[in-house]
Novice: 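What follows is a single structure, and I will ask about it in a moment.
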Amino acid sequence: MAAKTLTIDGKQITAEEGETVLQAASEAKINIPTLCHLDGVYDVGACRLCLIEVAGVPKLLPACTTKVAEGMEIKTDSERLRKYRRMTLELLFAERNHVCAVCVSNGHCELQTLGYSLGVDHVRSDYLFPKWSVDTTHSLYGMDHNRCVLCSRCVRVCWHIEGAGTKNIAGRGTKSNIITDLNMPWGDSDSCTKCGKCVQACPTGALFHKGSTVGEMERDRSRLEFLVTAREKKQWIAAD
Amino acid sequence: MDLAGLVDVVYSPVVDVKEYPENVDVCLIEGAVCNEDNLELLHKIRQRTKVLIAFGDCAVTANVPAMRNQLGLGNEESVLQRAYVENAQFNQRVPSAGDGIVPTLLKRVMPVHEAVHVEHFLPGCPPSAANIKALVTQLLAGGPKLEGKQIKFG
Ligand code: SF4
Ligand code: SF4
Ligand code: FES
């Protein structure tokens with residue numbers, strides 16, 4: 001495959017054709033904040049936290065779905081990017097009910113970590129305080145819509161890695177939500193194989209093992225990586 | 001303790017003064033704005049204070065007290081009913097506003113910065129002693145610059 005040369009934050013790098021800017025940056029040890037991206041599953045550009053500036057392009061582009069091109073000049077950090085990333089995070093906090101103090105993911109949550117890393121010490125928009133339910137009908141797992149950021153990681157692992165196609169997104173705007181099959185209680189689903197990949201993939205406290213209490217929900221992403229490596233490279237190597 | 005010599009604590013739940021004084025330099029405010037008493041005191045504090053700091057998750061995000069907002073507007077009656085009648089073992093009665101016992105609840109619980117201008121924020125549930133010390137030290141040195149885990153919610 002042809003190699004492309006480009007500049008990220010002033011650093012000259014080479015990347016393979018077809019790679020995303022996010023992949024190229026991470027190989028060059030340049031960190032771009034992400035939320036909906038999950039190693040091993042295809043990217044959809046849902047969260048817009050990985051936005052970057054590309055010279056000559058007036059709008060901001062998501063690094064996870066933008067392919068590298070010859071001579072690209074990219075900035076991953078600027079006043080403008082920080083402003084938008086912070087605003088995006090604040091809107092995510094305002095849109096659902098994130099009561100970290102009583103959340104199963106407190107201390108292990110990607111939204112929470114992004115918040116404090118990117119300087120969100122308060123949310124400037126009014127909180128919506130919507131009414132959402134918690135689905136605890138499944139024998140092993142629960143889904144708390146109050147904590148969901150609609151990153152769709154659960155949907156993608158369910159379809160792409162497990163091949164069950166149980167999880168889906170329904171509705172529009174602030175009414176969008178994760179559903180099971182044709183919008184039924186999770187416990188009634190015939191398609192769910194109870195594999196728990198969605199629970200491992202979720203960045204927040206939205207999907208959890210039943211019985212976890214405040215701060216107890218830690219995830220083990222190595223199980224997902226193991227499966228993806230096994231499938232794509234035919235190598236069965238357990239992560240250390 | 002080194003800080004104790006540098007500040008005068010003029011008002012707090014553990015100080016005898018009942019009325020919030022004039023010309024206060026800094027006030028750390030904890031708790032969400034839930035009822036009319038909270039709101040009235042908050043406006044008074046804002047008027048008489050140079051620098052306000054929202055202190056802790058309830059002040060910064062409205063946190064657990066704001067969970068009643070999820071019931072929709074107009075839940076003032078039903079939460080009192082739940083607390084004083086359905087869950088009460090004795091003397092089941094909703095206190096009336098005239099009793100002066102329970103201040104009238106606001107329609108919507110708010111974080112402090114939704115009601116008045118706030119200069120700085122210290123999230124945390126509760127904020128750790130180290131973060132409080134860092135905040136006050138930085139404040140005495142010109143202005144707070146908390147970052148990273150120091151501003152973690154929860
Ligand atoms: S999902 Fe994350 S940000 Fe939301 S309440 Fe839980 S810990 Fe906080
Ligand atoms: S349940 Fe979790 S993984 Fe699924 S969309 Fe919501 S936040 Fe993302
Ligand atoms: S990580 Fe790129 S849009 Fe979410």
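In what follows, chains carry the letters A, B, and so on, assigned in the order in which the sequence lines appear, proteins first and then strands, with residues in each chain numbered from 1. Since the structure is predicted, the reported quantities are computational estimates derived from the model, not experimental observations.
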Novice: Would you mind checking which part of B:Val118 comes under 4.5 Å of any heavy atom in chain A, side chain (CB onward), backbone (N, CA, C, O), both or neither?
Specialist: neither
Novice: Could you tell me which of B:Gly124, B:Ala66, B:Ala62 has the largest number of non-hydrogen atom pairs under 4.5 Å with chain A?
Specialist: B:Ala66
Novice: Flag yes if more than 12 heavy atoms outside B:Gln81 fall under 6.0 Å of its CD atom; otherwise flag no.
Specialist: yes
Novice: Quick one: CD on B:Gln70 to CH2 on A:Trp132, what's the gap to the nearest 0.5 Å?
Specialist: 12.0 Å
Novice: Working to the nearest 0.5 angstrom, can you tell me the gap between B:Thr61 OG1 and A:Phe93 CZ?
Specialist: 9.5 Å
Novice: Crowded around B:Lys50 NZ? As in, over 12 foreign heavy atoms under 6.0 Å?
Specialist: yes
Novice: Crowded around B:Glu77 CD? As in, over 12 foreign heavy atoms under 6.0 Å?
Specialist: no
Novice: Just to be sure I understand the criterion: a residue of residues 204-214 of chain A counts if one of its heavy atoms is under 4.5 Å from a heavy atom of chain B. Which ones qualify?
Specialist: none
Novice: Just give me the residue among B:His120, B:Glu147, B:Gln150, B:Lys149 that pairs up with chain A most often, heavy atom to heavy atom, under 4.5 Å.
Specialist: B:Lys149
Novice: Enter the distance from A:Tyr127:OH to B:Asn63:CG here, rounded to the nearest 0.5 Å.
Specialist: 8.5 Å
Novice: Do the ring planes of B:Phe121 and A:His122 sit parallel (below 30°), tilted (30 to 60°) or perpendicular (above 60°)?
Specialist: parallel
Novice: So with a 6.0 Å cut-off around CD of B:Glu30, is the heavy-atom count from everything else above 12?
Specialist: no
Novice: For the interface with chain A, which of B:Cys125, B:Pro123, B:Gly148 has the highest count of heavy-atom pairs at distances below 4.5 Å?
Specialist: B:Gly148
Novice: Below 4.5 Å from any heavy atom of chain A, which atoms of B:Pro111 appear? Answer side chain, backbone, both or neither.
Specialist: side chain
Novice: Heavy-atom count check: over 12 atoms from other residues, nucleotides or ligands less than 6.0 Å from A:Leu182 CG?
Specialist: no
Novice: Answer with side chain, backbone, both or neither: which region of B:Met110 has an atom nearer than 4.5 Å to a non-hydrogen atom of chain A?
Specialist: neither
Novice: Should the heavy atoms of other residues, nucleotides or ligands under 6.0 Å from CG of B:Asp8 be counted, would the total exceed 12?
Specialist: no
Novice: Check whether more than 12 heavy atoms from other residues, nucleotides or ligands sit under 6.0 Å from atom NZ of B:Lys107, and answer yes or no.
Specialist: no
Novice: Report yes if the side chains of B:Glu114 and A:Asp126 come closer than 4.5 Å at any heavy-atom pair, otherwise no.
Specialist: yes
Novice: Can you tell me if CD on B:Glu40 sees more than 12 non-hydrogen neighbours from other groups inside 6.0 Å?
Specialist: no
Novice: Got a second to check how far B:Ile151's CD1 is from A:Leu118's CG, nearest 0.5 Å?
Specialist: 9.0 Å
Novice: Between A:Asp121 and B:Val60, is any pair of side-chain heavy atoms under 4.5 Å apart?
Specialist: no
Novice: Using a cut-off of under 4.5 Å on heavy-atom pairs, state which of A:Gly107, A:Cys103, A:Ala101 scores highest against chain B.
Specialist: A:Ala101
Novice: Is any side-chain heavy atom of A:Val120 closer than 4.5 Å to a side-chain heavy atom of B:Phe153?
Specialist: yes
